[in-house]
Amino acid sequence: MTAEQLDKTYNPKQFEQQIYSSTEPMFAPNNTGGETYSILMPPPNVTGSLHVGHALTYTIQDILIRYHRQHGYDALWQSGVDHAGIATQMVVTKELEASGVDISAITREELIHKIWEWKDKSGNRIVEQQKSLGCSAPWDLSRFTMDKEFCAAVIKAFVALYKEGLIFRDKRLVNWDTKLMTAISDLEIRNEEEEGTLWHIKYKIVDSDEYVTIATTRPETMFGDAAVAVHPEDGRYTHLIGRNALIPYANRTVPVITDKYIDIEKGTGCLKVTPAHDYNDFAIGKRHGLDVISVIDKSGHMTFKNVPEFLQGIYVKKARKLLLSKLAEDGAVVREEKITHTLPYGDRSGTVIEPLLTDQWFVDAKALAKAAVEAVERGEMKFHPEKWVNTYLEWMRNIEPWCVSRQIVWGHQIPAWYGSDGSIFVEEDEATAIARAEERGISKDQLTRDPDVLDTWFSSALWPFVTLGWPDDDAPALRTRYPTSVLVTGFDIIFFWVARMAMMSLRFMKKVPFRDVYIHALIRDSSGQKMSKSKGNVVDPQDLMDEFGADALRFTLAFMSVPGRDIKLGKDNVKISRNFITKIWNAARFLQFKETQFCSELPETVTGKINNWLIAKLRKFQQNIDQNIREYRFDYATRNIQSFLRDTFCDFFIEAMKLHEDERAKIIAGKVFVEFLRISHPFIPFVTDRLARSLGVCDSLLMLGPDVSVLRVSISEKDEEEVDQFIELLHQVRSARQSNGDVDGEYLALLERQRSWPGELNLVATRIA
RNA sequence: GGUCGCAUAGCUCAGUUGGUAGAGCGCCGCGUUCACAUCGCGGUUGUCACAGGUUCGAGUCCUGUUGCGACCACCA
């Protein structure tokens with residue numbers, strides 16, 4: 001490696017790209033049979049582009065991977081992309097519609113084909129951005145949740161779970177998105193508080209002049225009422241129990257029943273029970289054997305059955321208005337009460353979610369959760385920071401069946417075939433399903449395949465072992481790398497992904513998927529606001545990288561990764577990091593100017609107090625970083641990098657070097673600076689590699705861990721202490737001079753003490769003060 | 001309603017085992033003779049949210065209060 005003169009200014013744009021491509025071949029795992037270190041990269045959505053949250057999570061993972069690779073581990077960072085069922089189908093559908101395609105007119109196969117086309121064309125954008133950030137993943141090993149092998153694995157897992165009774169089909173109330181026309185899981189809805197109205201509405205009691213007044217926020221569902229319920233001990237209504245109430249305009253009566261679920265204080269104390277459109281009402285209905293009467297269809301309109309003519313086929317919100325004006329006209333609205341309540345909205349579509357009764361596939365999450373809870377309780381999978389273990393356990397212990405079928409086309413089609421007689425065949429392929437059906441006397445033509453696809457998170461849940469080779473139990477990666485070392489992700493993904501990977505992994509691999517789970521912070525804007533497109537406060541990491549360099553962004557994100565606190569990211573923070581990196585650059589320039597030797601070996605015994613002191617500080621620095629990495633304290637690590645370079649190396653050592661010319665010091669300075677570059681490399685890979693090359697040290701620091709010879713060299717601990725004291729005194733002298741002027745007695749006394757210091761410190765003292 | 005965080009300098013935040021309150025930014029002063037003004041040297045800035053308790057000693061441990069935030073659940 002030949003040295004070259006460093007530019008006067010640090011200009012990351014000039015070399016980052018080039019450094020990346022020249023080191024890329026070295027990102028592959030070495031597969032030498034040594035100790036492995038593996039990280040699964042959370043697969044970004046195929047539709048995604050890099051946002052600051054990604055930048056943070058990838059920076060942390062890349063630091064870990066580079067560090068372990070440098071330290072001789074067989075390191076694998078398994079990358080990939082997620083097909084992101086609903087999100088992707090939405091994006092492509094929108095694009096097609098915008099270009100004038102009538103979505104309702106194209107077939108399932110055509111749409112799937114279009115999405116593949118889109119994926120091949122645009123699905124790789126985020127990988128390019130990951131590369132700009134410096135992510136050192138072996139991209140040729142990258143997986144896609146819809147690639148052939150992955151699909152086969154998903155189907156295999158589904159069939160296995162089904163045959164074990166851990167997946168079942170049932171008619172239940174599910175969260176239905178009327179815009180996307182699919183079921184979604186509990187996690188895919190977000191509840192939003194808003195102002196609403198509670199209408200008190202009279203139902204006439206049959207064969208009487210009395211009325212019963214119910215309170216509801218959703219009057220339009222009254223046509224699905226199956227009862228009016230009161231609390232058994234509510235004296236106000238005892239006389240009505242067992243009577244029948246007439247539903248307005250419906251020509252239908254419902255009984256007044258009692259149930260302890262009813263809250264006497266709430267509303268009027270009378271609850272209209274609508275099993276088809278409310279989870280609690282469904283439960284009440286089940287207890288009392290009530291009919292389940294649907295009045296809303298899958299697109300969010302009133303049905304044509306069960307609903308009076310003037311509301312048939314009308315959109316729910318409009319139907320509500322119409323009905324209310326008619327009820328008011330007829331004097332049935334007793335009271336309008338303003339309340340705040342929370343409404344469920346679809347995460348993706350933004351429309352109100354309707355609980356609807358439909359046939360769906362469910363995973364028996366409760367059964368799977370048992371092992372996933374126990375493994376964590378036994379400490380086989382550890383959370384960092386530890387507090388997140390409570391979030392995980394709490395959710396796992398109260399888990400409900402997971403609805404995994406989606407009424408869309410982009411995803412893994414459920415391997416279930418239905419016979420015309422209602423029989424179900426769940427098999428890995430069509431041929432087997434047909435064979436099984438024929439055994440039961442059902443011909444091929446009488447079989448239809450379930451059109452639904454699986455929830456995207458179902459395949460994501462299998463990510464840890466499928467990417468490593470499952471279902472081939474002998475796959476080398478599966479044998480040597482499972483369980484993986486650590487999963488790095490945000491807390492919002494604990495339920496969606498971490499918990500489900502734990503469940504599936506324990507079922508199929510009998511072991512936890514990773515030893516550690518590192519939960520990182522959420523990034524907010526500089527004033528602490530959550531970033532969102534609608535607020536317009538989204539910071540684009542690409543912009544920051546363009547302006548300050550990828551290293552500056554990485555350093556900033558690591559620096560601000562304080563456990564348990566959100567990151568308030570502003571441009572200024574990145575600028576400060578850039579300034580620090582410039583400082584490193586200039587330190588290198590100085591050493592180059594001084595014709596420092598970068599490649600010579602350390603002498604067995606270091607002479608010179610300051611030289612000894614520097615070596616001692618370097619050792620501590622190295623040990624600190626090791627500990628920081630072990631404890632996932634990237635904030636401490638970057639602080640250590642900063643203070644070593646600035647306070648220790650530049651502000652004292654280099655300054656002393658200027659005053660006290662010493663050939664030994666040049667050797668030490670070169671050696672220590674190179675060690676500094678190696679140790680810092682995982683955090684700021686581009687600039688450290690660039691400097692190592694320019695100074696003629698090596699082609700890349702990617703594989704070069706800290707030199708252990710630094711640890712072997714014998715140094716005097718007394719020297720370290722002595723120089724520390726000297727520096728302390730130096731501060732006092734400077735301070736005294738600044739505030740009191742040169743003539744002050746205190747200053748002179750301090751100066752005297754300083755000058756009496758032995759060896760080269762004396763020399764330095766005379767000139768530095 | 002349940003759970004979990006957070007509160008330290010003007011701002012953003014460190015403070016690891018209980019032992020003299022810190023950094024960066026900002027601000028003020030000084031400084032461009034051999035890296036760096038994207039810099040250096042020095043200075044300024046505190047009721048550690050509040051109230052109790054444990055302790056020789058509490059920013060740190062315990063109890064309570066207030067404020068802010070997040071998540072989960074429910075809502076007639």
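Labels below follow one simple rule: chain letters A, B, ... track the order of the sequence lines, proteins then strands, and each chain is numbered from 1.
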Next on the checklist: Using atom P in both nucleotides, what's the gap between B/rA35 and B/rG43 to the nearest angstrom?
Outcome noted: 24 Å
Item to check | B/rU16 versus B/rA23 - spacing of their P atoms, nearest Å | outcome: 16 Å
Checklist outcome for this item: Rounded to whole Å, CD1 of A/Ile567 lies from P of B/rA14 at a distance of 11 Å
Checklist entry - What does A/Thr391 touch in the nucleic acid at a heavy-atom separation under 4.0 angstrom: a base, only the sugar-phosphate, or nothing? => result nothing
Item to check | Distance, rounded to the nearest Å, where A/Tyr279 contributes OH and B/rC74 contributes P | outcome: 9 Å
Checklist outcome for this item: pair_partner(B/rG10), Watson-Crick or wobble, both distances < 3.5 Å, evaluates to B/rC25
Item to check | Short side-chain N/O contact from A/Lys583 to OP1 or OP2 of B/rA35, under 4.0 Å | outcome: no
Checklist entry - Would you say a side-chain N or O of A/Asn579 is under 4.0 Å from OP1 or OP2 of B/rC39? => result yes
Item to check | Aromatic ring pairing A/Phe649/A/Phe653, orientation class (parallel under 30°, perpendicular over 60°, tilted between) | outcome: parallel
Checklist entry - With no angle test and no hydrogens, is the base of B/rA35 tied to the side chain of A/Lys658 by a donor-acceptor pair under 3.5 Å? => result yes
Checklist entry - Does A/Tyr636 make a side-chain N or O approach to OP1 or OP2 of B/rG15 shorter than 4.0 Å? => result yes
Checklist entry - Any idea which of B/rC13, B/rA35, B/rC4 is nearest the A/Asn390 side chain? => result B/rC4
Item to check | A/Asp651, nearest nucleotide to its side chain (from B/rC41, B/rC36, B/rA76) | outcome: B/rC41
Checklist entry - A/Phe644 versus A/Ile625: any side-chain heavy-atom pair under 4.5 Å? => result no
Next on the checklist: Students often get this wrong, so: under 4.0 angstrom with heavy atoms, is A/Ile262 touching a base, only sugar-phosphate, or nothing?
Outcome noted: base
Item to check | Under 3.5 Å donor-acceptor pair, A/Glu655 side-chain atoms to B/rA35 base atoms | outcome: yes
Checklist outcome for this item: Considering only heavy side-chain atoms of A/Lys568, the closest of B/rU12, B/rC4, B/rC36 is B/rU12
Checklist outcome for this item: Checking B/rG5, B/rG40, B/rC36 against the side chain of A/Lys387 (C-beta onward), the nearest is B/rG5
Next on the checklist: Between B/rC48 and B/rC11, how many Å separate the two P atoms, rounded to a whole number?
Outcome noted: 15 Å
Item to check | A/Thr9 vs A/Val562, nearer the 5' end of RNA chain B by closest nucleotide | outcome: A/Val562
Checklist entry - Given the rule in the side-chain hydrogen bond (donor to acceptor under 3.5 Å, both in side chains) test, do A/Asn398 and A/Glu394 qualify, once you have shown the distances and angles that lead to the verdict? => result CA-CA 7 Å; A/Asn398 299 303; A/Glu394 180 66 15; 3.3 Å; yes
Next on the checklist: If I pick the C1' atom on B/rG22 and the same atom on B/rA9, what distance separates them, to the nearest angstrom?
Outcome noted: 10 Å
Item to check | Any A/Arg633 side-chain nitrogen or oxygen under 4.0 Å from OP1 or OP2 of B/rG15 | outcome: yes
Next on the checklist: I'd like the P distance from B/rC61 over to B/rG15, given in whole Å.
Outcome noted: 12 Å
Checklist entry - Hey, does A/Phe548 reach any base, or is it just sugar-phosphate, or nothing, if we go heavy atoms under 4.0 Å? => result nothing
Item to check | Side-chain N,O (A/Arg565) to OP1/OP2 (B/rA7) below 4.0 Å | outcome: yes
Checklist entry - Atom CD1 of A/Ile493 to atom C1' of B/rC71: distance rounded to whole Å? => result 14 Å
Checklist entry - Which one is paired to B/rC4, where only Watson-Crick or G-U wobble pairs with both distances under 3.5 angstrom count? => result B/rG69
Next on the checklist: On RNA chain B, does the nearest nucleotide to A/Trp388 precede the nearest nucleotide to A/Phe593 from the 5' side, or the other way round? Give the residue.
Outcome noted: A/Phe593
Checklist entry - With rounding to whole Å, what would you report as the distance between B/rG10 and B/rU47 at their P atoms? => result 7 Å
Next on the checklist: Just to be sure I understand the rule, does A/Ile654 reach a base, reach only the sugar-phosphate, or reach nothing, if contact means heavy atoms closer than 4.0 Å?
Outcome noted: base
Checklist entry - Yes or no on salt bridge (charged side-chain N to carboxylate O under 4.0 Å, His left out) for A/Asp347 and A/Arg190, after CA distance, side-chain angles and deciding distance? => result CA-CA 6 Å; A/Asp347 223 2; A/Arg190 53 164 206 273; 3.7 Å; yes
Checklist entry - Got A/Tyr261 and A/Arg287 here, is their nearest side-chain heavy-atom distance under 4.5 Å? => result yes
Item to check | Closest nucleotide among B/rC25, B/rA35, B/rA76 to the A/Leu198 side chain | outcome: B/rA76
Checklist entry - Where the side chain of A/Phe495 is defined as all heavy atoms beyond and including C-beta, which of B/rC72, B/rA70, B/rA35 is the nearest nucleotide? => result B/rC72
Checklist outcome for this item: Between CG of A/Asn640 and C1' of B/rG15 the distance, given in whole Å, is 14 Å
Checklist entry - P atom, B/rA7 versus B/rA14: distance in rounded Å? => result 7 Å
Item to check | Rounded C1' spacing from B/rG46 to B/rU8 in Å | outcome: 8 Å
Checklist entry - Of the candidate nucleotides B/rA35, B/rA70, B/rC41, which contains the atom at the shortest distance from the side chain of A/Phe491? => result B/rA70
Item to check | Whole-Å gap separating P (B/rC74) and CG (A/Leu343) | outcome: 14 Å
Next on the checklist: Please name the nucleotide paired to B/rC61 by Watson-Crick or G-U wobble geometry with both distances under 3.5 Å, or report none.
Outcome noted: B/rG53
Checklist entry - What integer distance in Å separates A/Arg646:CZ from B/rC39:C1'? => result 9 Å
Item to check | Spacing between A/Asp234 atom CG and B/rA76 atom P, to the nearest angstrom | outcome: 18 Å
Checklist entry - Between B/rG24, B/rC71, B/rG69, which nucleotide gets closest to the side-chain atoms of A/Ile576? => result B/rG24
Checklist entry - Do other residues, nucleotides or ligands put more than 12 heavy atoms under 6.0 Å from A/Glu721 CD? => result no
Checklist entry - Regarding A/Arg639 and the six-membered ring of A/Phe559, is the cationic atom NZ or CZ under 6.0 Å from the ring centre and inside 45° of its axis? => result yes
Item to check | A/Lys266 side chain near B/rC74 phosphate (N/O to OP1/OP2, under 4.0 Å) | outcome: no
Checklist entry - Whole Å only: how far is the CG atom of A/Asp572 from the P atom of B/rU12? => result 13 Å
Checklist entry - For the residue pair A/Phe491 and A/Trp388, does the interplanar ring angle fall in the parallel (under 30°), tilted (30 to 60°) or perpendicular (over 60°) class? => result parallel
Item to check | Given A/Asp7, A/Thr9, A/Leu6, the one that forms side-chain contact (heavy atoms from CB on, under 4.5 Å) with A/Arg589 | outcome: A/Leu6
Checklist entry - What nucleic acid atoms does A/Asp263 come within less than 4.0 Å of, heavy atoms only: base, sugar-phosphate, or nothing? => result base
Checklist entry - Has A/Lys8 got a side-chain N or O lying under 4.0 Å from the OP1 or OP2 atom of B/rA35? => result no
